[in-house]
Amino acid sequence: MRNIAVLTSGGDAPGMNAAIRAVVRTGLANGLTVWGVEDGYAGLIEGSFRRLGTRDVGSIIQRGGTILGSARCMPFQTPEGRELAIRRLHGAGIEGLVVIGGNGSQAGAHALQQMGFASVGVASTIDNDLFGSDVTIGVDTALNVALNAIDNLKVTASSHRRALLVEVMGRKCGYLALMAGIAGGAEAIVLPEVLVEPEAIAQRIQAAYDRGKPHAIVVVAEGAKYNAGRLCEAFQQRNLLVGYEIRSTVLGYVQRGAVPTCADRLLGTRLGSEAVAQMVAGHTGLLVGMCRGELVTTPLETVVNGVKPLDPWFLKAADVLAQ
Ligand code: F6P
């Protein structure tokens, strides 16, 4: 293999640039030519490739986002779209592809591999919902952004004796909410994985009020049946009293755009570098991830069919610690 390409796909995640840099520099060190694909799978279909040298990835390790751009691409989800992508890759003389992204992105890598195009995935999504890696690129930074916000919100909530609902991202997965809730000392955490009715949440907030707490923080996952908006609505419509005045804040995209933490820079670097090592060794059709602190590979087939559950220890602890 002499030519490989790298793309970032799906939601951007802090640390993606560290992974791109590692792919490029490890590839060059192995005598490969490395191409960057612009805007994820959309760029594959359009044949938007640019050759990346070592200087092209200089001073990017500290930057959030992705220098290659990212997109969610519907045409790539059709067989015709994928065939066109492979023709573009062959046309540019590219023989292997590193895909940095989450579930949808790795499903794309798996489809390419099944069609005979050598692909290796790098586990990256702030949601941490990807099977095959305990932790994915971007999670640590996103959690720290959420925590900073929670710490600040706690201050103003205390001044005004309010309950603050803080909605965090995560799609259908409650990982960010659970971890930010525990580390942020939340009074209640609302997750997609555990259905809790508004009445029970209201009771919890009221109990915090009755215990004399000057504030209540409720961390709510965006994918929960009752997200922050719906929870506020339910409190009003069902006349649920909680003691405090209620306000809500949706953190949204600020969690994605931050400067990557040290942990995310190191994770991106390790996973990106290992993806090239696997490719050079002729091992493709797999995801490179990190489990129990060690680099691991998992077949893409297993990754796309796998479901990563929330850690039961943290789920149980959340209830006990909120007292
Ligand atoms: O998958 C990462 C993520 O930020 C999710 O947490 C969120 O639901 C989604 O992407 C938002 O997607 P988009 O960038 O397409 O609006």
Side-chain angles (χ1 to χ4, degrees), residues 7-20 38-43 63-77 99-110 121-150 165-181 184 189-193 219-231 248-261 264 267-268 271 287 289 303-304 306-310:
L7 64 76
T8 49
S9 158
D12 63 350
M16 275 183 160
N17 281 329
I20 295 168
E38 283 167 4
D39 303 328
Y41 290 114
R63 283 165 56 185
T66 157
I67 59 156
L68 293 175
S70 189
R72 303 193 193 278
C73 176
M74 295 311 281
F76 186 76
Q77 290 175 20
V99 173
I100 303 169
N103 275 307
S105 314
Q106 302 311 335
H110 178 49
V122 167
S124 174
T125 162
I126 66 160
D127 302 337
N128 208 20
D129 59 349
L130 187 63
F131 189 87
S133 197
D134 288 349
V135 64
T136 51
I137 296 169
V139 174
D140 188 64
T141 310
L143 272 179
N144 279 297
V145 171
L147 270 182
N148 276 334
I150 291 169
L165 312 184
V166 190
E167 185 178 296
V168 299
M169 277 190 158
R171 208 179 283 276
K172 293 274 166 230
C173 173
Y175 181 89
L176 284 179
L178 181 60
M179 294 303 167
I189 303 173
V190 184
L191 306 169
E193 291 84 352
V219 178
V220 185
E222 66 173 359
K225 177 176 177 197
Y226 293 97
N227 63 10
R230 286 193 284 266
L231 203 50
S248 77
T249 298
V250 176
L251 296 186
Y253 295 96
V254 291
Q255 292 155 101
R256 286 213 326 225
V259 166
T261 56
D264 275 325
L267 183 63
L271 300 192
L287 175 86
V303 170
V304 299
V307 176
K308 185 156 106 185
L310 292 178

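Heavy atoms only: backbone and side chains are in, while hydrogens, waters and symmetry mates are out. Counting convention: from 1, in listed order, for ligands and their atoms alike.
Side-chain atoms of Lys172 and Asp129, non-hydrogen and from C-beta on, never get closer than 4.5 Å to each other. In this structure, Met169 and Leu251 have side chains that are not in contact, with every pair of non-hydrogen atoms separated by 4.5 Å or more. Between Leu191 and Leu310, the closest side-chain pair of non-hydrogen atoms falls below 4.5 Å.
Expressed to the nearest 0.5 Å, how far CG of Asp12 lies from OG1 of Thr125 amounts to 10.5 Å.
The Glu222 neighbourhood of ligand 1 comprises atoms 5 (C), 6 (O), 7 (C), 8 (O), with distances under 4.0 Å to a heavy atom of that residue. Residue Gly170 has at least one heavy-atom neighbour below 4.0 Å for each of these atoms of ligand 1: 6 (O). Counting the atoms of ligand 1 from 1 in the order shown, those under 4.0 Å from a heavy atom of Arg72 are 9 (C), 10 (O), 11 (C), 12 (O), 13 (P), 14 (O), 15 (O).
In Arg256, the part holding a heavy atom less than 4.0 Å from any atom of ligand 1 is the side chain.
Given atom 5 (C) of ligand 1, the protein heavy atom at minimum distance is Asp127 OD1, 3.4 Å. When only non-hydrogen protein atoms are considered, atom 9 (C) of ligand 1 lies nearest to Arg171 NH2, 3.5 Å. At the top of the distance list for atom 16 (O) of ligand 1, counting protein heavy atoms only, stands Tyr253 OH, 2.4 Å.
The shortest N/O to N/O separation between Gly11 and ligand 1 does not fall below 3.5 Å.
One side chain, Asp140 or Thr261, offers a donor N or O that lies under 3.5 Å from an acceptor on the other.
Only one option out of Leu143, Thr136, Ile126, Asp127 pairs with Tyr175 in a side-chain contact (heavy atoms from CB on, under 4.5 Å); it is Leu143. Residue Thr66 is tested with Ile100, Leu7, Asp39, Ile20 for a side-chain contact (heavy atoms from CB on, under 4.5 Å); the sole match is Ile20.
Taking a 4.0 Å cut-off on heavy atoms, Gly102 fails to register as neighbouring ligand 1.
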